[in-house]
Amino acid sequence: MMKRSASGKDVYYFGGGKADGNSSMKNLLGGKGANLAEMAGHSALKLPVPPGFTITTEVCTYYYRHGGKYALGLKQQVDAAMKKVEKAMGKKFGDPKDPLLVSVRSGARQSMPGMMETVLNVGLTMKTMEGLIKQSGSERFAYDAYRRLITMYSDVVMEKAADIETEEGKGIRQQLEKLLAQKKKEKGAKLDTDLDAKDLKDLCERYKKKVKQVLGKSFPDDATEQLWGGIGAVFSSWNGKRAVSYRRIENIPGEWGTAVNVQTMVFGNMGDQSATGVGFTRNPGNGAGGFYGEYLINAQGEDVVAGTRTPAPINKNSQSSHNKHEVMLSNFQPKVYKQLATIQKRLEKHYRDMQDLEFTIENGRLFILQTRNGKRNGPAAVKMAVDMVKEKLITKKEAVMRVKPEQLDELLHPIIDPAAEKSNRPLAKGLPAGPGAAKGVIVFDSNRSVEWAKNGKTVILVREETNPEDVEGMRAAQAILTARGGMTSHAALVARGWGKCCIVGCSDMEINYAKKTVEIGEVVLKEGDWVTLNGTKGLVYKGSMPMIDATKENKELYSYLKICDSVRKMKIRTNADTPEDARKAREFGAEGIGLFRTEHMFYGKKSEKPLFKLRKMILSDSAEEREVALKELFPYVKSDIKGTLEAMEGLPVTIRLLDPPLHEFVPHQEEQLKELAKSLNIDMSDLEKRIAALKESNPMMGHRGVRLGVTYPEVTEMQVRAILEATAELLKEKKKVSPEIMIPVVGIDREIMDQNGIIDRVKKEVMKKHNLKKLPVMVGTMIEIPRAALTADKIAHVAEFFSFGTNDLTQMSFGFSRDDMGSFLVPYLEKGILPVDPFQSLDIEGVGQLVEMAIRRGRKARPGLKVGICGEHGGDPASISFCYKMGMDYVSCSPFRVPIARLAAAQAVLEG
Ligand code: ADP
Ligand code: MG
Ligand code: MG
C-alpha cells in the first residue's frame, strides 16, 4: 500500500490554545488549515478560534490515486480528533440533547476564493434539532440553520459531488432558493430575516420534499453520514469544473490537492446580538491604512459576500455612500469591535502582511474563522509595500517581492480623459472595486463574454452578481460591472486578484437577462452597446470615451521603484525611436536607449519629406544617383539622431543602422510614383522596372540589415556620418553624449569587419572636420542570427557590445515566421506543445542556449563585453530573470514596460 506521510498522521487538531500544526505547513494543511492552527496555537496569538481538525492534502491525493478511497486508519484518526473537539466543547456530535455541529471546509495551499465547497451546520437531524432548539432557546435560529444545511448539503454533496449536471439556473440550490423567494412572497417578507420560526420550519419540509423529488434521494438524517458526505464532497470539489478552470487560469497544479477542515460551528445567525463579517487590515482596493470591513447582523457564512443583503460597515473607515445608513459594528457592539480591532492589528504584525479575515459574533462573543494574506490590486499592493517599509513592518527586500511585475501594469493603465469625464454625466454609480478605466461593449453572460472576446471585441461583463461559475467570462472581459454585492463580494475579490477594473453594487441597474438589456433610470442599454467605466470612482458612463495615461505624478509608484532600484543590479534601457518616447521612458526610469531604429523616421507623422528622399535613394540605379539622394537625406537623419542623443543627456543610446528590406518603403499610390519618377528624372516604366527588381520572395531573410550596408556602403556611410556629426556637434556644445552604433542581422564576422572599416574611416574624417582629439563611440552588433551566436567569439573580436535581438533569434531558431504564426499558435498552446508564445516569453530551453553560448564565447574573446537584450522579451518578467542569470548588463524594453522591468530585475536578484 502507498505510504501517505512519513508519520502516517492524517489529521491535525487545533483549538483551545493548542494546535498540532502551524502556518508553515500550508502544503500539508492547506492555507486555511495552517492558519487556523497558527491562530489557535501560536503563543503570540492564541485567538478565539472554534476548535476543529484538518485532514491533510495527502489524504486528498491518496483519494484521487485510489479511485475515491481513503487510506486505512483515517476513520479512527477522525474519530479521535472529533473526541478531542467534543471534549473541548463539552458537547457531542450527533447528541440529541446538546449536539455539537461542525462545518466542513475546503482549503488548498493557495486560496481559491469561492472555488471549492464548504458545508455549514453539519450534524443537524430531526433528533438533534430538538436539542439545538432547547439549548439555544430559539426555534427560529435552529430552523434557519437547518434550511441552510439542506441547501448547502444537497447542492455540494448530493448534486455537485455526485457529478450531476444541471442546466443553467436549474441546480438544486437555485430550486431551493426559488422556494425561499416564494415563501417570502407569501409572507410579504423583504429579507430572509423577516421570516419567523414557523415559516422556516415549513420551508425545511418543502426543501426536503424538493430534494427527494429532484435528486431521487432523501436528505440524510444521520450526523455521521453527513460528516463523511461533506468530507468526500470537499475532496471531489478539488476536481470540480470551476476549481479546474480557476486552477488553469492561476497556474495551480492539480497534484496539490485540498485539505478538509472540520470545525465547531459558531452562529452568527443566533439572533440580533449575533453577526458575521469579513475584514481587511488595510483597504485592499487602494492600499489605504486602517481596519476595513463589512458585516451583517443575524447572518451566517457567505451572506456577506453573496450580496443578498447590503452589508454594514464595521467602522467609519469602511463607510461608503451605499452603506452609510447602516449601523457600524463599532457602534453596535463597541466592546466586540475593540477586541476585533486589536486582533486584526496583532494578526498583521504577526504575519507581516495585510490580512483578510473572517469573523463571527455569536451572542456578543467574537470568533475568528479564517485569516490569510489578502489579495490586492496593483495600486494597493504598491502602496502597502511602500507604507510597510516606512512603518518598518517589512524590509526593502520583502517589499520588492510583495508586488507582482504584472500588477504594475495596472498603475500604467489608462484612465478616462478628465476633460471628457467632466463633460459627461455618469449613468450610474456603484462601488469602486477595481481601479483604472475600461470601456467595451456590454454582455450579460459569461459564455458570451468569452466568445466575443475571442472574436477580438472588448467586452464588459454586466451581471446581477457574479459567482464562481463566471470566472472564465470575467477573465475574458475588460471589466466587470455588477448590480449587487459589496466590496467583499465575489466579483470584487476576483477582479482585485487580477487587477481588473470592476464596479459592484451598482443598484441603479435593472438587468433583464432574458431580453439582454439593462435599464438605468431612463436609459436602456442592449447587449453590444458601449459603456465606459471609471473603476477608481465607481462611475458608469454611456458610450465610448477617450482614455489617457495615468502615470504622471504617481508618487507611490516612484517611491516603490526606488526601493526596487536599491536591490536591482542590471540596468534598464528602453526601445525608443523618438525624443518623446525617450522622455517618457526616462520619466519611468530608463537608463539609456537599447534600441533606436533609424528607420522609424520614415513612418508616421512628419515622415513625408525624409521618406521621399529615402525612396529616391532606394530606387536609385547607380552609386552616383544614390549619393545625390543620400546627401538630401543626410540632414534629416542627423537632426533626428541629434534630438534623441540630446534628450538622453549622456545616457547610452544604441542606434541601429537601417534594417528592413527596402521594398517595404516603396509607395503604392500612382501620385507618389509619378512624383518619384519626376524627381529621379526617369519615366514610369523605368521606375516600375526598378521597383520590380527590389521584390523578394522571402524579404525577412533577404536583402536587409548588414547586407544593405555591404552592398551599398554609401548607405552605411551616410548614417554613420550623421551619428558622428551629431555627436561631435553636441560635444562642442559641451553636452554629454554616448552613442553606440549597432549593426543588425550579422551572421558572419567578416560582415561586421567590413562595416567597421567604413565606421573607422568616417570617424577619422569627422574628428578632423571638427578638430576633435576624441570621439567616443562604441560599435557592436545584434545577435539575432543563430550563426552569430555560434561564432560569437569571432564576432566579439570586432564588436564591443552584443545586443540580443530575440525576436529574430526566436524566429530563426524555431523557423517560425512571427507574421505567419497566428494560424497555428493557438492549437500549439492548447495542445501544450508550446507552454507559452515564444515571442512573448523567451524560450529558455532552446533559444536560451544560444544566448548563453553567445555570451560565454563573446566574453571569452573580449572580457567585459557589454551585453544586453533589445527584443520584446526585455519587458517580460520571466525573460528578465533569465537575462540576469546570464549576466547581462542591461535589458531594454518599450517605455511602458520600464517600471515592470525595474521590478522584475530587482526580483531576479532576490530569487538568487
Ligand atoms: P471559502 O474558502 O469559500 O471562504 P469557508 O470555508 O471559509 O469557505 O467558509 C464559507 C463561510 O462559512 C465563511 O464565511 C466562513 O466564515 C463560514 N464558516 C465556515 N466555518 C464556520 C464555522 N465553523 N462557524 C461559523 N461559520 C463558518
Ligand atoms: Mg473563507
Ligand atoms: Mg531584427
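Whatever order the structure lists ligands and atoms in, that order sets their numbers, starting from 1. Only heavy atoms go into these numbers, but all of them, side chains included; no hydrogens, no water, no symmetry mates.
Shown here are the protein N/O/S atoms lying under 2.8 Å from the Mg ion (ligand 2), water excluded: Glu358 OE2, Gln370 OE1.
The backbone N or O of Thr61 sits nowhere less than 3.5 Å from a side-chain atom of Glu255 that would complete a donor-acceptor pair. A donor-acceptor pair is defined here as one N or O able to donate and one able to accept, closer than 3.5 Å; such a pair exists between the side chain of Thr128 and the backbone of Gly123. A donor-acceptor distance shorter than 3.5 angstrom exists from the side chain of Arg247 to the backbone of Trp238, with no hydrogens or angles considered. When atom types are taken as modelled, the side chain of Asn331 and the backbone of Val327 share no donor-acceptor pair closer than 3.5 angstrom.
In this structure, ligand 1 sits under 4.0 Å from heavy atoms belonging to Lys32, Ser103, Arg105, Gly114, Thr118, Leu120, Gln263, Thr264, Met265, Val266, Gly301, Glu302, Glu358, Leu369, Gln370.
In this view, Arg147 and Asp144, Asp192 satisfy the salt bridge (charged side-chain N to carboxylate O under 4.0 Å, His left out) rule, not counting sequence neighbours. Tyr153 meets the ring-ring contact (aromatic ring centres under 6.0 Å, His included) test with Phe219; sequence neighbours excluded.
Here the options are Glu358, Gln263, Gln370, the test is side-chain contact (heavy atoms from CB on, under 4.5 Å), and the partner is Lys32; only Gln370 passes.
Residues Glu159 and Arg173 are not paired through a salt bridge, judged by the lack of any N-O separation under 4.0 Å between the basic side chain and the carboxylate.
Using a 30° and 60° split on the angle between ring planes, Phe235 and Tyr70 fall in the tilted class, from 30° to 60°.
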